[in-house]
Amino acid sequence: MIRAIVTDIEGTTSDIRFVHNVLFPYARERLAGFVTAEQYKEPVSTILNNLREEVAQPEATAAELIEVLFAFMDEDRKSTALKALQGIIWRDGYVNGDFKGHLYPDVLPALEKWKAQGIDLYVYSSGSVAAQKLLFGYSDEGDITHLFSGYFDTLVGAKRDVQSYRNIATQIGLPPASILFLSDIYQELDAAEAAGFRTTQLIRGDDDAASHHHQVNSFSNIKPEQIPS
Ligand SMILES: CSCCC(=O)C(=O)COP(=O)(O)O
Ligand SMILES: [Mg+2]
């Protein structure tokens, strides 16, 4: 029996184009100015020290780190430091009403239904937990954060790493076989499956022929009560 559902965001609950065409450019335009102005203040000072550690450049200046961050953005590197900075910058965009967190229309009804069935809902994204709460707190459908029992980001590990899912199961406190992971990326689903999770792949565009996971094109086609554990 499925007792918890963990969902990815980009390409799963939300359009990849919202992340890549709205969120990422918003942070990119502001990142250099923000880091320069905030480099000696918390939390940016600690984030920059974490980044120095991540790139093994303990003496790197803020200007050098900004170059690193631009390279990371170019390659969509899921760096914890970059994700933390993006999350802080996005707050202004949400609060000022520059954009709302995109949700596919099938997402909220399904989340509400599953919650009413007694299934606990969680989020796992490379975006920081703060960024996840913003997206769901300022979503197209209003603040839906009350539906979620917890959030996971790269602090539990990378999304293609099996150990990340073991960590999530431990933190949720349920056997992996009772947890369903939803994602659009089959490599993430492979890792979750290797940890013992049940998996379903969201196909919001073209089919994914390389995947062996159960595929659906809408949250309305996911029936957790029909998944045997
Ligand atoms: C919290 S929304 C922004 C998501 C993000 O920054 C990102 O890199 C998407 O990563 P995901 O693991 O959700 O594919
Ligand atoms: Mg995704």
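Just follow the structure's listing: the first ligand is 1, and inside any ligand the first atom is 1. When a residue number appears, it is its place in the shown sequence, counting from 1.
- Residue Ser126 has at least one heavy-atom neighbour below 4.0 Å for each of these atoms of ligand 1: 10 (O), 11 (P), 12 (O), 13 (O).
- Contacts between Phe24 and ligand 1, counted as non-hydrogen atom pairs separated by less than 4.0 Å, involve the side chain only.
- Here the CD1-CZ distance, from Ile172 to Phe152, works out to 4.5 Å after rounding to the nearest 0.5 Å.
- Shortest distance from the Mg ion (ligand 2) to Asp184 is reached at OD1 (N/O/S atoms only).
- The aromatic rings of Phe181 and Tyr124 lie tilted to each other, with the angle between the two planes from 30° to 60°.
- Of the protein's non-hydrogen atoms, Lys159 NZ, 3.5 Å is the one closest to atom 11 (P) of ligand 1.
- Between the side chain of Trp90 and the backbone N or O of Ala131, no donor-acceptor pair lies under 3.5 Å.
- The atoms of ligand 1 that sit less than 4.0 Å from any heavy atom of Trp90 are 3 (C), 6 (O).
- Using a 4.5 Å cut-off on side-chain heavy atoms (C-beta onward), Tyr122 and Phe148 make no contact.
- Among protein heavy atoms, atom 13 (O) of ligand 1 sits closest to Ser125 OG, 2.9 Å.
- Asp8 contributes OD2 as its N, O or S atom closest to the Mg ion (ligand 2).
- Residue Tyr124 places every heavy atom at 4.0 Å or more from ligand 1.
- Residue Arg204 forms a salt bridge (Lys or Arg N to Asp or Glu O under 4.0 Å) with just one option from Asp106, Asp15, Asp184, Asp8, and that option is Asp106.
- The minimum distance between the Mg ion (ligand 2) and any N, O or S atom of Glu10 involves atom O.
- In terms of N/O distances under 3.5 Å, ligand 1 is approached by Lys78.
- Protein heavy atom nearest atom 9 (C) of ligand 1, with residue, atom name and distance: Glu10 OE1, 3.0 Å.
- For Asp8, a nitrogen or oxygen atom sits less than 3.5 Å from a nitrogen or oxygen atom of ligand 1, counting backbone and side chain alike.
- For atom 8 (O) of ligand 1, the choice among Lys83, His20, Arg160 with the nearest heavy atom turns out to be Lys83.
- Nearest protein neighbour of atom 2 (S) of ligand 1, counting heavy atoms only, is Leu135 CD1, 3.7 Å.
- Taking every heavy atom of Ile9 and a limit of under 4.0 angstrom, the matching atoms of ligand 1 come to 1 (C).
- A side-chain donor from one of Thr80 and Thr154 sits under 3.5 Å from a side-chain acceptor of the other.
- Under 4.0 angstrom from ligand 1, there are no non-hydrogen atoms of Phe136.
- A donor-acceptor pair under 3.5 Å is formed between the side chain of Gln132 and the backbone N or O of Gly127.
- Without hydrogens or angle criteria, Arg30 side chain to Tyr26 main chain gives a donor-acceptor distance under 3.5 Å.
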| task | Would you please test Lys159 and Asp161 for salt bridge (charged side-chain N to carboxylate O under 4.0 Å, His left out) and show each step? | result | CA-CA 6 Å; Lys159 292 180 77 186; Asp161 184 348; over 6 Å; no

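- No donor-acceptor distance shorter than 3.5 angstrom exists from the side chain of Glu193 to the backbone of Thr199, with no hydrogens or angles considered.
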